[in-house]
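Everything on this sheet refers to the single structure shown next.
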There are 2 protein chains.
Amino acid sequence: MTVSRVLRNRGDVSDATREKVLEAAKALGYVPNKIAGALASQRVNLVAVIIPSLSNLVFPEVLTGISKELEDTGLQPVVGVTNYSLEKEETVLYEMLSWRPSGVIIAGLEHTDAARAMLENAGIPIVEIMDVDGKGIDSVVGISHRRAGLKMAEAIIAAGYRRIGFLGTKMPEDHRARKRLEGFKEGLEAAGLSLADQEFYAGGSALLKGREMTEAILRRSPDLDFLYYSNDMIGAGGLLWCLENGIDVPNQIGLAGFNGVDLLEGLPRRLATMDACRREIGQRAAAIIAGRSPSGLIGGEIIELQPLLQPGDTIRKP
Amino acid sequence: MTVSRVLRNRGDVSDATREKVLEAAKALGYVPNKIAGALASQRVNLVAVIIPSLSNLVFPEVLTGISKELEDTGLQPVVGVTNYSLEKEETVLYEMLSWRPSGVIIAGLEHTDAARAMLENAGIPIVEIMDVDGKGIDSVVGISHRRAGLKMAEAIIAAGYRRIGFLGTKMPEDHRARKRLEGFKEGLEAAGLSLADQEFYAGGSALLKGREMTEAILRRSPDLDFLYYSNDMIGAGGLLWCLENGIDVPNQIGLAGFNGVDLLEGLPRRLATMDACRREIGQRAAAIIAGRSPSGLIGGEIIELQPLLQPGDTIRKP
DNA sequence: CGCCGGGCGGTTATCGCTAACAACCCCAGA
DNA sequence: TCTGGGGTTGTTAGCGATAACCGCCCGGCG
């Protein structure tokens, strides 16, 4: 017991005894067994974080926000990756819940029924992140992708573009990309327009795919005057391709991506994009789990962040 | 006990009983408590993976290799991030070891004394990855960064370049980058050359920094005929800058990076680089932990992979 | 001098599960 | 009929920590 008290800094122990304990612990290379500790105390300082991918660039940024916010709370994030599969998500969630974390941060609002049931019954704070277009289980922190797509459409139309093409991923499971496209189309329709052409890809180097798709879509529909990419990386590929092929950006063709990744800063021209508030999403979600949300609410908090349009140099000034 | 047997698929249970148990478990939304399970069985199906960063692009790829190899072993990776700080590494390691994982995969051979002691006494398989230039604790899987730098120097010299500059990160704790640079200089010296100039950066968008540094170093030393970048991302920035400024690559100036990231495939010209075998490193390390290393060795395995020079289009053909 | 209470350290029961073994049923073979 | 063994299910004793409580010692105070 005394050892336990010393190592946890809890309860009164005389300095002499504390000293001796620490010394012995060091000499023996003692590492306490958190498994036993957690079982006895019914407390686990872990936060389950479930995201679709690590190679997407977006999610490491969200993680950074989470880690930073949790830093001085004694809580620790544990990451699970689903590869955009809801079945995998269910498995990963089950696995993580079986370690009885203090909270769950999970990307997206779409889950299998079983996963939803687990989340509802877990009895711990749940924060669904990235997306607010739908019904959440407990708390939600994100942006409206539908509205993001819509706003982009409005900006593009306002700048005078009319023959607009879309380039994206072939991922039925990427609901946020889908919602963005839906919002985008809605925006076009509101102006009496519709998508002039589209092109999808799956797998491979996104930058390269961006080039290839751009070439393909422009070969097929040479009269396009705007290309909306579902993410910045393929947008960057498209931008490079256009510049190399002597296309006048943004006058002949305008371009826009989505996410606002750092990477873009180094491109020859700044791609128009929309910041997805990744870092802040992570931070706010972690704050909710840590019970430090400024609202003081316990559960059920909905935070909609506003993505900012960054017009860059690839949209004509209206 | 019977429930335990059903849910773990261990031991004989009649089909009728199994059915009933599964049904009840589903109805109750029962999620077994792994904490108690681990405590009782003294087995934890987790592998601690400790890496410096997630935003480096390299490490997510290593993780992919690890996940893939562990997929059907029942083991699960748990990631800890150190931000290139050995102190943080020690803390993270302590934290992870206190969950008694089945193995540890940790980047680098450099650790604090305390961390090294913990690893030595953990009584589980330890695999140090990325780097083989030094003494390992148990198993080691990686490449020789020193030799990688040296080989690159030889290739550059063989192609006829003589006034060579280096551009890298200002990171004393990034031992692998340091070793690469040391090997590189050694290679130059062997040919009676030395670095003509160098430039370092810290933080920010790597692509942008690559541009800025390239401009800075060429302004200061306009007679350089080769730029060696410590990673592909800054190399890509440099490449874009050179092309925009009408520099003839590779004739006027040659360029090379390091890592062989996918991203490069979409650039206007393929940057010379050296593949760091990231995926395979993850895979082989995980195989060792899973006890499936083809060698059949138990511990103490040293695997040196050979990075492949990819000359791309930014080194003159000799 | 006796009692009280704070400071300190120990005892006991428990957390939810599994290893090990015991118990039971049933049927085949002696 | 009795025995043995396979198939199935139950019992007991931990795993290594912590919560809650207990007890000792000592100094201060009435």
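Hydrogens, waters and symmetry mates are skipped; everything else that's a heavy atom, side chains included, is used. All values reported here derive from a predicted model rather than from experimental measurement. Residue numbers start from 1 in every chain, and the chains themselves are labelled A, B, ... in the order their sequence lines are given, proteins ahead of strands.
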What's the CG-C1' distance between B/Leu7 and C/dC17, to the nearest Å?
11 Å

Cut-off 3.5 Å, no hydrogens considered: what does the side-chain donor-acceptor table look like for residues 66-75 of chain B, sequence neighbours left out?
{"residue": "B/Ser67", "atom": "OG", "partner": "B/Leu63", "partner atom": "O", "Å": "2.9"}
{"residue": "B/Glu69", "atom": "OE2", "partner": "B/Arg292", "partner atom": "NH1", "Å": "3.0"}
{"residue": "B/Asp72", "atom": "OD1", "partner": "B/Arg292", "partner atom": "NH2", "Å": "3.0"}
{"residue": "B/Thr73", "atom": "OG1", "partner": "B/Leu70", "partner atom": "O", "Å": "2.6"}
{"residue": "B/Thr73", "atom": "OG1", "partner": "B/Leu75", "partner atom": "N", "Å": "3.0"}

Is there a donor-acceptor contact under 3.5 Å linking the side chains of A/Glu173 and A/Asn83?
no

Under 3.5 Å, is there a donor-acceptor pair between the B/Ser14 and B/Arg18 side chains?
no

What string of B, S and - do you get for nucleotides 4-17 of chain D, 5' to 3', when a contact is any protein heavy atom under 4.0 Å?
----BBBB--BBBB

If you look at every heavy atom in B/Ala107 and B/Met130, which pair is closest and at what distance?
CB-CG, 4.1 Å

Residues which pass side chain to side chain donor-acceptor pair (under 3.5 Å) with A/Arg146, listed by chain and number, not counting sequence neighbours:
A/Glu182

